[in-house]
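Just so you know, these numbers use all the heavy atoms, side chains as well, and skip hydrogens, waters and symmetry mates.
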Amino acid sequence: MTMLDRRLNAHRPDLADASLEGKVEAARFVNGSPARVAVPVAPLRPVADLARGIDTELLMGEDVTIFERSGGWCWLKAASDGYVGYMPEEMLTTAASEPTHMVNVQRTFVYQEPELRKPYRSVLSMGSRVHITGEAEARGNHYYLLADGTAIFSKHLQPIGSGKDADYVEIALQFLNTPYLWGGRSGLGIDCSGLVQLALLMTGRAAPRDTDMQAAGLGTPIDRSELHRGDLVFWKGHVAVMEDAETIIHANGHTMTVARENFEEAVERIGWLYEQPNGYRRPF
């Protein structure tokens with residue numbers, strides 16, 4: 001049997017995704033059942049243990065397929081990028097309505113009612129999906145309403161499927177100074193490949209989750225001499241976005257933020273500890 005990447009293929013000796021039958025060995029194969037993320041940010045782990053670091057995060061309203069529910073945990077696969085892992089069952093729902101809109105700013109508040117002076121219930125990241133049931137005006141502001149009566153400032157949302165003409169570099173720039181978080185994929189904390197993936201997502205473009213996946217198959221390879229705005233620079237375990245021919249944007253462990261940096265200076269700095277860039281790609 002072929003050895004498959006556990007990050008993208010749901011298989012264990014006792015259980016596996018039915019689509020992998022004939023490709024892996026398992027005692028039982030299942031089709032899985034649909035569910036949806038019901039919390040603002042839901043960490044996904046390689047094992048069912050809160051003490052383990054996270055691989056990635058899923059956002060409110062994103063779809064998953066659950067293969068197993070056991071001991072308060074779900075073993076699942078994300079619909080957006082195919083990532084497989086474990087998440088507490090309480091973070092998921094099977095009752096949520098189909099999302100109609102997506103958050104299009106770094107972060108936004110969900111107010112208990114359409115009034116900015118009222119307390120907020122939660123904070124949603126860019127890329128979060130919600131189901132809008134109505135609209136309201138208050139103090140000159142326009143809000144979209146959720147089924148429970150809570151409200152989001154309407155300009156902080158865009159209809160699902162819109163935004164295809166947006167500049168993904170401009171979207172990435174909204175995350176400047178956001179804290180770096182290993183495995184992070186939200187406006188609360190983000191890592192280098194998460195920044196690339198989420199910015200592209202907002203323009204309707206799919207991207208693999210991890211740096212090695214992006215370096216292997218996102219867009220097309222180019223030469224260093226061809227770099228321009230929007231191209232990607234890869235190091236072993238790291239990726240940056242070219243803002244222009246001289247400047248990169250990247251979530252990094254040096255500043256522990258999403259930061260701008262001169263490209264040549266970054267190459268020199270990173271080279272002292274790691275290696276030179278090992279690839280350049282144009283994502284679309």
Side-chain angles (χ1 to χ4, degrees), residues 1-38 41-59 61-94 96 98-99 127 129 182-185 191-194 196-198 200-201 204-221 232 234-239 278-279 281-284:
M1 293 291 183
T2 304
M3 291 295 293
L4 300 177
D5 190 334
R6 66 95 186 157
R7 296 173 297 175
L8 299 177
N9 297 276
H11 65 94
R12 307 182 319 213
D14 63 318
L15 183 65
D17 181 350
S19 68
L20 299 178
E21 193 164 3
K23 299 178 182 178
V24 299
E25 294 182 353
R28 186 164 59 97
F29 292 87
V30 298
N31 288 313
S33 59
R36 191 163 283 148
V37 176
V41 180
L44 194 68
R45 291 176 163 83
V47 296
D49 183 354
L50 291 175
R52 285 291 297 270
I54 67 173
D55 276 339
T56 185
E57 294 173 324
L58 301 185
L59 303 175
E62 290 196 301
D63 290 325
V64 303
T65 298
I66 298 175
F67 300 106
E68 179 188 61
R69 297 174 185 265
S70 177
W73 288 83
C74 288
W75 186 46
L76 57 82
K77 185 181 183 75
S80 60
D81 57 18
Y83 220 104
V84 174
Y86 293 83
M87 182 181 295
E89 188 172 5
E90 64 186 8
M91 294 184 174
L92 299 162
T93 181
T94 58
E98 187 71 20
R129 295 158 169 82
W182 179 273
R185 185 176 165 266
D191 66 17
C192 61
S193 54
V196 171
Q197 187 193 51
L198 188 53
L200 286 170
L201 170 72
R205 297 178 173 94
R209 175 59 181 92
D210 290 340
T211 306
D212 63 325
M213 302 174 188
Q214 295 175 358
L218 178 56
T220 57
L232 302 174
F234 291 93
W235 290 260
K236 183 178 180 180
H238 188 59
V239 61
N278 58 16
R281 298 187 76 91
R282 187 155 293 156
F284 51 86

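For the pair D81 and R7, the salt-bridge criterion is not met [side-chain N within less than 4.0 Å of a carboxylate O].
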Determine whether Q197 and R185 satisfy the following criterion, side chain to side chain donor-acceptor pair (under 3.5 Å), listing intermediate values before the conclusion. CA-CA 8 Å; Q197 187 193 51; R185 185 176 165 266; 2.7 Å; yes
Test log, rule side chain to side chain contact (heavy atoms under 4.5 Å, CB included), inputs V64 and Y83: CA-CA 9 Å; V64 303; Y83 220 104; over 6 Å; no
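Proximity of T65 to D17: side-chain heavy atoms (C-beta onward) are nowhere separated by under 4.5 Å. With contacts defined as side-chain heavy-atom distances shorter than 4.5 Å, the pair D191/R209 qualifies. Residues I66 and T94 form no side-chain contact, since every pair of their non-hydrogen atoms from C-beta on lies 4.5 Å or further apart. Looking at heavy atoms from C-beta onward, D63 lies out of side-chain contact with P34 at the 4.5 angstrom threshold. Between D55 and Y86 the shortest side-chain heavy-atom distance does not fall below 4.5 Å. Contact of the F29 side chain with the V24 side chain is registered, since non-hydrogen atoms from C-beta on lie closer than 4.5 Å. The side-chain heavy atoms of M91 and C74, taken from C-beta on, include no pair separated by under 4.5 Å.
Annotation for A215 and R281: closest pair O-NH1, 3.1 Å, computed over non-hydrogen atoms. Of all the heavy atoms in F284 and L200, the pair that sits closest is CE2-CD2, 3.6 Å. Considering every non-hydrogen atom in both L58 and A78, the closest pair reads CD2-CB, 3.7 Å.
The CG atom of N278 sits 11.5 Å away from the NE2 atom of H238 when rounded to the nearest 0.5 Å.
No donor-acceptor distance shorter than 3.5 angstrom exists from the side chain of R52 to the backbone of V47, with no hydrogens or angles considered. A side-chain donor-acceptor contact under 3.5 Å links Q214 to the backbone of P208. Using modelled atom types, one side-chain atom of R36 and one backbone atom of A96 make a donor-acceptor pair closer than 3.5 Å. Judged by distance alone, the side chain of D210 and the main-chain N or O of D212 form no donor-acceptor pair under 3.5 Å. Between the side chain of K77 and the main chain of V84, no donor-acceptor pair closer than 3.5 Å is present.
Seen from the ring of W75, R12 counts as a face-on cation partner, given the 6.0 Å and 45° thresholds.
Tested against L59 for a side-chain contact (heavy atoms from CB on, under 4.5 Å), the candidates V37, L201, L198 yield a single pass: L198.
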